[in-house]
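On a predicted model such as this, the values are computed, not experimentally measured, just so you know. Each ligand, and each atom within it, is numbered from 1 in the order the structure gives.
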Amino acid sequence: MRIHASVAALREARAPVGRVAFVPTMGNLHDGHIALVRAACQHADTVIASVFVNRLQFGQGEDFDKYPRTFEADCEKLAAAGADHLFAPDEAQMYPQPQRYCVEPDPEHASILEGAFRPGHFRGVATVVLKLFNIVRPDIAIFGKKDYQQVMVLKNMVRELALPIEIIALDTIRAADGLAQSSRNGYLSAEERAEAPRLYQQLSAVAEAVRNGAHDFTRLETVALAELERHGWKPDYLTVRRRADLQTPKEPGEPLVTLAAARLGTTRLIDNVEI
Ligand code: PAF
């Protein structure tokens, strides 16, 4: 695997022919990221990954400074998974001047759920992803469904800006007890780690009830939120939405997903289950 720190080096190294698959990450790679890289290898001739902790998508008081940076281990994992190139710019490469031109996603998509609790987050994500797309020029880009709203926003960005890129979203990779793989799991104490699978359990219970015909989503949400609170969680939301745009379901039969974000101690976890 070749590592490129500059935009110019990456552009020069990118193969001029064949399909290129791209896996953007913020590093601290876990099995979920590795599954994305392995899938990329199946879809393309050349696989490019990136590691860049994007300041633009972190709000004030969020964990940008303490976000785990494990570059050596990340390189080993990416090479073992089959990546051909790693783009690993520093901030001076990505933001040589303050980023004044940004992608502003539709507030209907970006100000709800995660966006309501992390104002500006999806603007930061969409902006860096468009910039990375312009640098890497992939044919395919692969993301994990754990960040369900991120995938929805990016799919809409690609469609509305007519980017010639196919977005592929892969299922969340979970630990044996159900906890979704996430870099932020590393913040959990042993006791919190033992409690953490409850988020997935509650989402699964809601999904199961809806699959079995329950219609009163508000009641299901209230019960699940109370159960989390009873075990010491501070939930931001747990809600049933339609998959396509994450709005409140209106018609029977719409494909649904249930999504949640909740704080366990100082760690904020997110997860979702398609229904
Ligand atoms: O999902 C992530 O790790 C980040 O949001 C992404 C897509 C790499 C953009 O910084």
Quick one: do I3 and V136 end up in the same hydrophobic cluster if we chain Ile, Leu, Val, Met, Phe, Trp and Tyr together by side-chain heavy atoms under 4.5 Å apart?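 No, I3 and V136 fall in different hydrophobic clusters.
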Polar pairs, ligand 1 vs protein, N/O only, below 3.5 Å.
residue  : atom   : partner : partner atom : Å
ligand 1 : 1 (O)  : Q150    : NE2          : 2.8
ligand 1 : 5 (O)  : Q57     : NE2          : 2.9
ligand 1 : 5 (O)  : Q150    : OE1          : 2.7
ligand 1 : 10 (O) : Q57     : OE1          : 2.6

Passing candidate, side chain to side chain contact (heavy atoms under 4.5 Å, CB included) with V129, options V153, V103, L154, I165: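 The option that passes is L154.
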Q.
List the residues meeting side chain to side chain contact (heavy atoms under 4.5 Å, CB included) with L259, not counting sequence neighbours, and say none if there are none.
A.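 Only L113, Y148, Y237, R241, L246, V257, N272 meet the side chain to side chain contact (heavy atoms under 4.5 Å, CB included) criterion with L259.
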Original post:
Any Lys/Arg nitrogen of R19 or D45 sitting under 4.0 Å from an Asp/Glu carboxylate oxygen of the other?
Top reply: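 No.
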Note to self: Strictly by ring-ring contact (aromatic ring centres under 6.0 Å, His included), give each pair with a member in residues 9-45 just once, sequence neighbours left out.
What the structure shows: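 Output for this query lists H30-H33.
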side-chain hydrogen bond (donor to acceptor under 3.5 Å, both in side chains) pairs, two or more places apart, involving residues 127-142: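 Those involving residues 127-142 are Q99-K131.
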